[in-house]
Amino acid sequence: MGFDLLGLGPDVLKAVADAGYTTPTPIQEQAIPYILMGRDVLGCAQTGTGKTAGFTLPMIEILASGRAKARMPRSLILEPTRELAAQVSESFETYGKHHKLSKALLIGGVSFDDQEKVLDRGVDVLIATPGRLLDHFERGKVLLNDVKILVIDEADRMLDMGFIPDVERIVSLVSQMRQTLFFSATMPPEIRRLADAFLMNPKEVTVARPATTASTVTQGLAIVPEHDKREALRRLIRSQEVKNALIFCNRKKDVDILYKSLAKHGFNVGGLHGDMAQPVRMETLERFKLGEIQLLVASDVAARGLDIDDMSHVFNFDVPFHPEDYVHRIGRTGRAGRSGVAFTLASPDDGKLVAAVERVIGQEIPRIAVPDMDAAELDQEGDDRRRGRGRGRGGRDRDRPRRERDAPAPQFRDSDRDGTDDLMQAPAHAHTAAAAPADDERSGDRGRSRRRRSERHAERGNRPPRDADRDGIDDLQPPAPAASEHREAQAEERRSRRRSDRDDRRRDEHPHEERPREGRDRDRHHGRDRRRDRNWDRDDGPPVVGFGDFTPAFLSRPVPQRRRPNRSEDPPPVTEEAA
DNA sequence: AAAAAAT
């Protein structure tokens, strides 16, 4: 079956053919005819199933006739991450190239001005992340009442990211006379509830996960002591024919560290996480897609949805916290029937996480040994060190001296010397990660020394030192206490300003309710705000908030007694909760 | 535990 039987027009079909596609994927085949009919669609599908084209193609067809008014987009697509939004925008570019549709991409991290200009000219397709869209809306730069097609993509991820209130608000701003397309990889009850609220008599389209990835992706799990993971990763990369690879870390901090470490070791590598400047994010991703960057170290911002062709490898530098993220991460390779390789590094402490992943994927990940880093060698090396002899390999020697020089805590060094070395860990051929020596006294001791280290630093008001030192990376130190205190003070100031803004807004909307609560809020932050409270006492009355000089009548009335009957023109009685 | 998203 070809695309031509789905009801799409010649211009769209031409663009599809130009892009090299001949056969629709199951979700495209099932959803496109219904979307063209104007039906709501509830799509249960992951990325990599052709979902994006599944809604962009028919949308282009529907929007081909008609024209957008200034600031009143005719369709709206909500995406959880900026990268996904940008990708959908590209999809419209690709498939809409024979149409004259205008589109706008509203994402954070880039300038408002350009986005406003585009909105003013009128857009047919608006692709947005929720925060920036609402920001534009509140500035009056965009109106949503003319939106005829609304797409909510990756709904479950929006839920994970706490976007649902924003999404609900946005949906409430869109006209009821609309067509809604709702996609989610999973359907937990909360998502089902949203779907029921947003959709009318939807056509449900469910697509099986892309063959549970097992068929096309070769998986492997190497158990490696935490502080040898970078070395292990380098060896794995070198041992493989890596065309291009995504390397996932659980933390942004570790993305930075690993990225710099790999760069230092001469790899062609980039980094990507949500704290990086948006223009840098976009450029890095673009260069990775073009093949200018071979390795991309990323946080889970890249775990889902990123559509990069021909990725040969995925490395999990950390076992993901959420087991389902494993599926998303390794789903970045082995796409469209091609073969891929996904290797995961687990530390001996990761037994639970590995077990959780294996439960989700319903199979055991085959254990692999890191080349030239097998258990025997590690044991040997540990023995050597215990006897005070030199260590094994050159590669490791490069890393060591720095570590010893900068080793942060005497206790820590001691624990290395007395044979409680982290290197002495589960053999790489262990059958499960849980086989890590939990009952081994060494692992217990290691835990203690690590605790000591962080405790000591907590006392100093400092963060524990990072493993980065070992790679000779010295520009990754935590900020000096003074600077970080200053930043924290600024952050607190911002937070409290936001709190009071929010309270003001609430008070405007519900003056009755909010009056008693204000006092309570102040009490709750008593410690922090004491100075301000003093000023309050000294400086002739409270600072002006909310009502300004105007005092509504109800404020000058006496505070009503408890349990006083509630007459309609009175404020509600003060309940125990509010008092 | 972490990451994502509006300054």
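Order of the sequence lines sets the chain letters (A, B, ...), proteins ahead of strands, with each chain counted from 1.
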Output the rounded distance in Å from CZ (R82(A)) to P (dA3(B)).
15 Å
I want to check one thing: is the phosphate of dA5(B), taken as OP1 and OP2, less than 4.0 Å away from some side-chain N or O of R281(A)?
yes
Output yes when a side-chain donor or acceptor of D318(A) lies under 3.5 Å from a complementary backbone atom of N250(A), and no otherwise.
yes
Sugar-phosphate only, base, or nothing, as touched by H322(A) at under 4.0 Å among non-hydrogen atoms
base
To the nearest angstrom, the CG-P distance between N316(A) and dA2(B) comes to 18 Å
Kindly point out which of dA6(B), dA3(B), dA5(B) is positioned nearest to the side chain of K252(A)?
dA3(B)
Gap between atoms NE2 and C1', on H136(A) and dA5(B) respectively (whole Å):
14 Å
How is R139(A) classified with respect to the nucleic acid when contacts are heavy atoms under 4.0 Å: base, sugar-phosphate, or nothing?
nothing
Expressed in angstrom and rounded to an integer, what is the separation of L133(A) atom CG from dA4(B) atom P?
21 Å
Just to confirm, is there a sub-4.0 Å distance from OP1 or OP2 of dA4(B) to any side-chain nitrogen or oxygen of S299(A)?
yes
Less than 4.0 angstrom between a side-chain N/O of R157(A) and OP1 or OP2 of dA3(B), yes or no?
no
Checking dA6(B), dA4(B), dA2(B) against the side chain of R251(A) (C-beta onward), the nearest is dA2(B)
For G162(A), report the nucleic acid contact type (base, sugar-phosphate, nothing); a contact means any heavy atom under 4.0 Å.
nothing
Within the 4.0 Å heavy-atom criterion, would you say D160(A) contacts the bases, only the backbone, or no part of the nucleic acid?
base
Mind calculating the distance between CG (L272(A)) and P (dA2(B)) to the nearest angstrom?
19 Å
Which part of the nucleic acid does D300(A) contact within heavy-atom distance under 4.0 Å: base, sugar-phosphate only, or nothing?
nothing
Side-chain donor/acceptor pairs under 3.5 Å, residues 129-137 of chain A, sequence neighbours excluded:
{"from": "R132(A)", "atom 1": "NH1", "to": "V110(A)", "atom 2": "O", "distance (Å)": "2.9"}
{"from": "R132(A)", "atom 1": "NH1", "to": "Q115(A)", "atom 2": "OE1", "distance (Å)": "3.1"}
{"from": "R132(A)", "atom 1": "NH2", "to": "V110(A)", "atom 2": "O", "distance (Å)": "3.0"}
{"from": "D135(A)", "atom 1": "OD1", "to": "R139(A)", "atom 2": "NE", "distance (Å)": "3.1"}
{"from": "H136(A)", "atom 1": "NE2", "to": "Q115(A)", "atom 2": "OE1", "distance (Å)": "2.7"}

Specify the closest pair of heavy atoms between A346(A) and V354(A), including all atoms of both residues, with the distance to one decimal.
CB-CG2, 3.9 Å
To the nearest angstrom, the CG-P distance between L78(A) and dA5(B) comes to 14 Å
Closest to the T129(A) side chain: dT7(B), dA1(B), dA5(B)?
dA5(B)
Do we see a donor-acceptor contact under 3.5 Å between the side chains of D300(A) and H328(A)?
no
Expressed in angstrom and rounded to an integer, what is the separation of Q115(A) atom CD from dA6(B) atom P?
9 Å
If you count the non-hydrogen atoms of other residues, nucleotides and ligands that lie under 6.0 Å from OH in Y259(A), is the total more than 12?
no
Can you tell me the distance, in whole Å, between the CZ atom of R132(A) and the C1' atom of dT7(B)?
9 Å
